[in-house]
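Because the structure is predicted, anything quoted here is derived from the model rather than measured. Heavy-atom basis, side chains included; hydrogens, waters and symmetry copies ignored.
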Amino acid sequence: MKPIWMLCVASALMALPGHGADWPPIKPEVWAIKEDLAKGIKDAVILEDRTILKNTYVERVLRVRVLSEAGRKALELEAFSPDCYDFNGRTVYPDGKTLKFDKRQDFKQEIFEAGDFTQKRTVVIPPGVSGNCVVELRWLESTAEFYDIRTPLPARLGHDALFRFGGQYHTLLETVEVPMPFAWTYIPISGRTQKFEINERSGFRIISAQNLAAIEMPPFSLPVSLDRPVLSMFFQPKQTSRAAKESEKEFWDLVGKAIRKDDFESEINKGPSYEVLRSKLFHGISSLDPLVFAGKLLSALEKEIINVSHFTHEESAKWAKDLKTPKSRDLEAISEKKVATGRGMTVLLYHLLKDAGSLPKVAYLADRDVRLFRPAMTNPWQASHPVIAMETPNKGIVILDPWQRFAAPGLIHPDFQGVQGILFDPKADWAGQPFTVPIQPAAFNQRRFDYALEVGEEENHFKLKAQFSGFPELAERRRYDQDEQIERNRKLKERFENQVKGASIQKSEVLNANNPTANVTWAVEGQVETEGGRQRQVFPFPGLQYPVNIPGSFPKERILPIVMPYLQIQTARCSFKIPKGYKVNPGNPFKESNTFGTVLWSTQIENQGDDQVAVITLKVSVDTMFAAPAAYDELKTFLGWVSEAFKRTLILEKT
């Protein structure tokens with residue numbers, strides 16, 4: 001049975017007035033809400049989250065009860081778009097004191113780094129948020145012309161939007177309110193345990209969910225696997241609306257012919273500058289293998305055209321912030337100005353390959369962290385990331401993705417791997433065929449760390465060189481290439497000093513961060529404090545990063561499928577001279593493997609002249625990306641091996 005305060009709050013919220021009205025007094029029931037871990041109520045409660053579609057603008061209403069200092073994070077909101085306006089909010093405290101705000105400038109802005117690419121995420125925070133308060137705010141966001149039509153949603157969303165209900169905090173009420181009639185198609189999809197409620201009121205269809213439990217994401221899971229109600233909303237063009245009632249095959253064939261063909265073939269502008277660029281690129285490449293030719297062509301193209309989907313530090317300083325980038329199908333302007341968007345680079349590569357007599361296929365991929373492509377759902381926009389697809393007799397489908405600037409040709413971003421996409425064939429009038437995006441083998445993604453150690457009485461001096469390939473190389477490049485060189489080196493130094501207790505770093509250098517012709521590498525030199533004595537511990541790999549994140553704790557049970565980030569191999573090697581008068585206890589060799597991969601640790605003692613040298617090798621291979629929940633124990637075992645190997649030390653004993 002729901003607590004009385006939940007019922008009272010929910011009923012009061014349903015009657016809350018829309019934009020322009022004064023905020024009603026906060027009920028005692030709201031202040032009575034307290035943390036209750038047994039009921040999953042912790043840190044904050046989302047009292048209400050409303051999205052009200054008004055055709056020409058969208059109204060948002062958000063009310064949050066903050067219960068602790070940690071709960072202040074519930075008010076870290078995605079940065080407002082330039083189309084947001086008419087802010088109206090207040091922060092209210094238990095003693096009745098109220099702080100009102102009504103301007104964009106009233107919000108505090110913070111920037112965080114997150115993800116494998118350490119991408120910057122900007123959030124805005126209402127003023128005055130404390131560990132015990134209620135924050136209420138409204139704002140409007142205009143909708144705009146998009147491809148010559150007015151959309152009922154902001155243009156930043158394109159032709160498609162997903163509303164996922166619930167989240168990190170307990171939510172009392174969440175709604176999307178849709179006017180009747182409505183120009184777009186929308187499909188409510190209830191969660192496994194949480195059902196939508198659909199009502200009609202005052203010309204709106206109210207799609208709501210109440211009393212949504214806080215969602216905890218188990219480690220190594222996809223957000224799309226969570227039990228969350230989802231409202232899928234999308235624009236169905238007239239060209240495909242009829243086929244939406246036919247078979248999947250007919251629908252996707254028509255999507256290719258009526259929509260995706262235009263993306264790559266309609267109103268293409270070529271001219272003298274394009275011809276000059278094409279001749280220059282083709283002149284420098286000699287290969288009869290279409291796949292090798294395509295890879296070399298993409299690498300050469302990246303040297304000629306600046307892809308504004310990702311600027312380096314040097315380019316950011318050079319190019320104006322209001323740089324006007326040519327349209328993706330204006331290949332003449334792209335060739336002349338030497339600048340393109342990620343989509344423009346993809347269209348350009350497609351036509352260069354076509355002009356070379358190697359007409360490729362085009363695939364559209366879906367980010368598995370956001371959604372899964374479902375052929376049965378007649379939403380033409382659900383796979384939205386276009387790439388070039390080369391089919392080969394021996395290697396199957398090879399993806400070339402010009403959006404991923406400076407990536408090794410053939411790299412598929414892990415967020416697209418192992419799930420379905422849609423493949424269109426220009427040779428067959430752009431017929432569509434669902435396919436599974438390849439999973440790239442572990443050998444494609446490698447990290448290698450080479451340590452040289454000098455063992456001293458009070459400190460150990462180390463030199464480290466690191467090199468990368470595949471996705472780890474791209475991730476390292478993204479970590480550093482938007483900084484100037486002195487800042488790159490400083491960030492690397494700080495990274496090690498934060499990771500290694502008692503470390504002092506004398507040298508840190510990142511190489512090739514903005515050089516697409518060479519892989520990113522880096523070098524670090526420093527020392528770590530140690531203790532002398534008859535027995536001394538030697539940690540051979542100071543600052544070595546884990547290949548996968550090791551959670552601090554695991555849920556007891558698991559019902560969601562297991563998804564590893566990507567397949568990879570990480571190798572670390574350390575060598576050091578054994579000090580005179582000491583011997584090394586190498587310990588037992590360590591080699592364990594199961595479904596998820598292999599963990600190896602070995603120590604060899606080598607004679608080099610009058611010296612004995614210890615050589616330690618640590619190797620971790622992640623060999624499985626997807627596994628059923630039944631493999632949960634194997635996952636924990638594998639991660640336990642990784643943790644154990646990374647904590648191993650060698651013992652030096654006086655002889």
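The aromatic ring centroids of Trp139 and Phe80 lie less than 6.0 Å from each other. You'll find the ring centres of Tyr186 and Phe234 outside the 6.0 Å limit.
Using a 3.5 Å distance cut-off with no hydrogens or angles, the side chains of Asp415 and Tyr566 do not pair a donor with an acceptor. With hydrogens and angles left out, the side-chain atoms of Ser130 and Asn132 include no donor and acceptor closer than 3.5 Å. Remark: the Ser221 side chain and the Arg558 side chain contain an N/O donor-acceptor pair separated by less than 3.5 Å. Between the side chains of Arg374 and Gln420, no donor-acceptor pair is found at a separation under 3.5 Å. A side-chain donor from one of His385 and Asp401 sits under 3.5 Å from a side-chain acceptor of the other. Side-chain contact, Asn211 with His170: a donor N or O sits under 3.5 Å from an acceptor N or O. The closest side-chain donor-acceptor pair between Thr312 and Asp481, if any, does not fall under 3.5 angstrom.
Of the candidates Thr91, Asn88, Leu77, Leu137 forms a side chain to side chain contact (heavy atoms under 4.5 Å, CB included) with just one, namely Leu77. Considering Lys100, Arg63, Arg50 in turn, Arg63 is the only one that fulfils the salt bridge (charged side-chain N to carboxylate O under 4.0 Å, His left out) rule with Glu136.
Dense packing is recorded around CD of Glu248, with more than 12 heavy atoms of other residues, nucleotides or ligands lying under 6.0 Å away. Shown here is Arg104, whose CZ atom has more than 12 heavy atoms of other residues, nucleotides or ligands within 6.0 Å. For Glu200, the CD atom sits in a packed shell: over 12 heavy atoms of surrounding residues, nucleotides or ligands are nearer than 6.0 Å. Counting non-hydrogen atoms of neighbouring residues, nucleotides and ligands closer than 6.0 angstrom, the CD1 atom of Ile187 exceeds 12 such neighbours.
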- Query: Going through the checks in order, is the side-chain contact (heavy atoms from CB on, under 4.5 Å) test met by Trp252 and Thr240?
  - Reply: CA-CA 9 Å; Trp252 290 108; Thr240 55; over 6 Å; no
- Item | side-chain contact (heavy atoms from CB on, under 4.5 Å) between Tyr57 and Thr143, intermediate numbers included | CA-CA 5 Å; Tyr57 65 90; Thr143 61; 5.6 Å; no
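Look at Asp86 and Lys103 and you find no salt bridge, because none of the NZ, NE, NH1 or NH2 atoms lies under 4.0 Å from a carboxylate O. Looking at Glu197 and Lys195, no side-chain N of the basic residue comes within less than 4.0 Å of a carboxylate O on the acidic one, giving no salt bridge. Salt-bridge formation is detected for the pair Glu476/Arg479: a Lys NZ or Arg NE/NH1/NH2 atom is positioned less than 4.0 Å from an Asp or Glu carboxylate oxygen. Of the charged side-chain nitrogens involved, at least one lies within less than 4.0 Å of a carboxylate oxygen, so that Arg60 and Asp49 count as a salt-bridged pair. Ion pairing between a basic and an acidic side chain is recognised when a charged N comes within 4.0 Å of a carboxylate O; Glu141 and Lys54 show no such pairing. Taking 4.0 Å as the cut-off between side-chain N and carboxylate O, Lys491 and Asp483 count as a salt-bridged pair.
The backbone N or O of Leu172 lies less than 3.5 Å from no partner atom in the side chain of Glu48, so there is not a single donor-acceptor pair. Put simply, the side chain of Ser643 never gets that close to the backbone of Gly640: no donor and acceptor are under 3.5 Å apart. Of the possible donor and acceptor atoms, one in the side chain of Arg65 sits under 3.5 Å from a partner among the backbone N and O of Val30.
The minimum heavy-atom distance between Thr378 and Ala244, with the atom names listed, is CG2-O, 3.6 Å. The two residues Ala366 and Phe416 have their closest heavy-atom pair at O-CD2, 3.4 Å. Summarising the geometry of Pro472 relative to Asn445, their closest heavy-atom pair is CD-CB, 3.5 Å, with the distance given to 0.1 Å. Here the shortest heavy-atom pairing between Leu153 and Met233 reads CD1-SD, 3.9 Å. Shortest non-hydrogen contact noted between Gly71 and Val66 is C-CG1, 3.7 Å.
In this pair, Phe235 and Trp184 present their aromatic rings tilted. The plane angle is within the 30 to 60° band.
In this structure, Arg260 is positioned above the aromatic face of Tyr364, its NZ or CZ under 6.0 Å from the six-membered ring centre and within 45° of the axis.
Residue Ile41 holds its CD1 atom at 8.0 Å from CG of Leu67, rounded to the nearest 0.5 Å.
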